[in-house]
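Read the structure below first, then the notes.
Heavy atoms only: backbone and side chains are in, while hydrogens, waters and symmetry mates are out. Numbering starts at 1 and runs along the sequence shown.
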Amino acid sequence: MRVADFDFDLPPDLIAQFPPAVRGGSRLLHVEATGAPHDREFADLPTLLHPDDLLVMNDTRVIKARLFGTKDSGGKVELLVERVTGEFEALAFIRASHAPKPGSRIRLSDDIVIEVLARQDDLTELRFPHPVLAVLDRLGQLPLPPYIEHAPTADDEARYQTVYANEPGAVAAPTAGLHFDDAMLDALRRQGIRTARVTLHVGAGTFQPVRVDDIAEHTMHSERYTIPQGTVDAIAETRARGGRVVAVGTTSLRALEAAAQSGKLHAGSGETDIFITPGYRFRVVDALLTNFHLPRSTLLMLVSAFAGVDTIRAAYAHAIAGRYRFFSYGDAMFLERHAP
């Protein structure tokens with residue numbers, strides 16, 4: 001298939017620049033396996049779930065990954081930490097008039113100077129004088145997506161984070177989880193719907209464009225994930241009861257499917273560059289809660305694989321006509337997996 005097969009025209013005013021006034025106050029487009037769309041509110045989610053269903057959520061926590069500094073020459077530098085690789089080491093995208101060379105230094109503040117170690121393709125390996133996460137917490141800025149046009153505020157620091165975020169390491173939020181508040185989680189528990197956690201640290205590559213025409217030639221970015229044994233056990237129990245595994249977000253889905261490539265779901269940690277496109281055979285996930293994704297993006301290809309290309313085209317056209325809000329701070333979809 002071609003990248004152009006996943007293109008659509010989106011009115012710019014439908015790109016949500018701010019979250020809804022109240023967490024969970026979003027709309028929800030329910031798309032049946034048949035492709036039939038139903039306009040709902042996110043508060044209706046419990047009515048779409050069955051008591052034997054299991055929600056699998058990504059508990060990654062967004063770090064303040066954007067930093068600003070100066071080179072030894074005095075030139076300005078902007079860094080986006082893509083991944084923390086050790087207590088004092090990280091890989092980052094660097095924006096500067098001239099890329100700093102290995103062996104040079106970048107000054108972040110009077111007392112924080114980091115060392116440039118090496119280049120790794122588009123990324124630069126850096127060494128920090130103090131633990132990376134501590135430096136980011138002190139000097140970093142929340143890395144809002146490029147289509148959100150305002151500088152991050154204190155409200156963004158609260159709202160561009162799920163209420164169950166626990167494991168620091170993501171540079172982008174698992175946005176389907178942003179809709180949940182504690183009241184919704186309590187309501188689901190009272191209904192008998194269980195939850196389980198995975199961790200996938202979302203990388204900046206999630207926003208990288210597909211630069212090839214034939215999607216089969218695209219190389220997916222790699223992200224680190226962890227599947228606890230308790231989650232594997234919960235999924236097995238759900239299957240035994242006849243319930244559905246519902247992934248909260250494409251990141252949860254990617255982690256689960258990556259860990260099941262052998263045909264059986266395995267607990268543990270690893271790296272995944274899984275690229276899910278139409279024709280993929282899903283092994284774990286039966287339903288997906290997700291936001292609306294960018295044109296020509298790998299995530300749009302993923303949901304097209306899950307629900308069907310024609311179904312997603314029709315659902316997105318329905319959403320645009322109905323003026324749903326798109327992308328990270330936008331509305332949600334509940335997709336039932338189509339029959340292959």
Side-chain angles (χ1 to χ4, degrees), residues 1-3 5-6 56-63 65 80-86 89-94 118-125 143 145-146 167-177 197-228 231-232 247-285 288 290-291 293-306 328:
M1 300 189 73
R2 304 292 176 183
V3 174
D5 295 328
F6 302 92
V56 181
M57 301 170 159
N58 182 5
D59 66 359
T60 188
R61 187 170 189 85
V62 182
I63 57 177
L80 178 63
V81 172
E82 208 277 340
R83 181 179 304 200
V84 178
T85 56
E89 292 82 33
L91 289 171
F93 292 103
I94 293 183
R119 291 293 300 274
Q120 295 187 19
D121 298 321
D122 292 337
L123 296 166
T124 300
E125 185 179 355
E167 301 292 335
V171 301
T175 55
R197 303 293 171 87
V198 298
T199 304
L200 184 142
H201 292 316
V202 191
T206 193
F207 300 116
Q208 297 299 307
V210 178
R211 295 187 174 92
V212 295
D213 180 47
D214 183 349
I215 66 172
E217 298 174 0
H218 177 66
T219 300
M220 193 72 173
H221 61 284
S222 180
E223 294 168 319
R224 186 156 186 82
Y225 72 90
T226 299
I227 310 289
T231 295
V232 174
V248 176
T250 56
T251 59
S252 297
L253 182 149
R254 291 185 71 238
L256 292 171
E257 294 294 330
Q261 288 300 287
S262 67
K264 180 180 179 182
L265 182 64
H266 293 280
S269 298
E271 297 277 336
T272 181
D273 60 359
I274 187 171
F275 184 23
I276 296 176
T277 59
Y280 177 86
R281 183 172 68 85
F282 290 87
R283 295 171 171 84
V284 183
V285 178
L288 172 65
T290 185
N291 281 22
H293 302 294
L294 278 71
R296 305 169 72 94
S297 66
T298 60
L299 298 183
L300 183 58
M301 296 169 193
L302 183 156
V303 296
S304 297
F306 191 82
S328 294

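- Taking a 6.0 Å sphere around CG of Asp5, one finds it holds more than 12 heavy atoms contributed by other residues, nucleotides or ligands.
- Judged by distance alone, the side chain of Thr231 and the main-chain N or O of Ile227 form no donor-acceptor pair under 3.5 Å.
- When every heavy atom of Pro143 is checked against every heavy atom of Val62, the shortest pair comes out as CD-CG1, 4.1 Å.
- When all heavy atoms of Leu300 and Pro295 are compared, the closest pair comes out as CD2-CA, 4.2 Å.
- For the atom pair Glu257 CD and Arg281 CZ, the distance stands at 9.5 Å (nearest 0.5 Å).
- Minimum interatomic distance between Ser252 and Ala247 (heavy atoms only, all atoms of both residues): CB-CB, 4.2 Å.
- Nearest heavy atoms, Asp122 versus Phe93: O-CD2, 3.6 Å.
- The side-chain hydrogen bond (donor to acceptor under 3.5 Å, both in side chains) with Glu223 is formed by just one residue from the set Arg83, His201, Arg254; it is Arg254.
- The pair Arg197-Glu167 does not meet the salt-bridge criterion, since no charged nitrogen lies less than 4.0 angstrom from a carboxylate oxygen.
- Judged by distance alone, with hydrogens and angles left aside, the side-chain atoms of Asn291 form a donor-acceptor pair with the main-chain N or O of Ser328 at under 3.5 Å.
- Checked by atom type and distance alone, the side chain of Gln120 never pairs as donor or acceptor with a backbone atom of Glu125 at under 3.5 Å.
- Summarising the geometry, atom CG belonging to Leu200 is positioned 9.5 Å from atom CD belonging to Glu271; distances are rounded to the nearest 0.5 Å.
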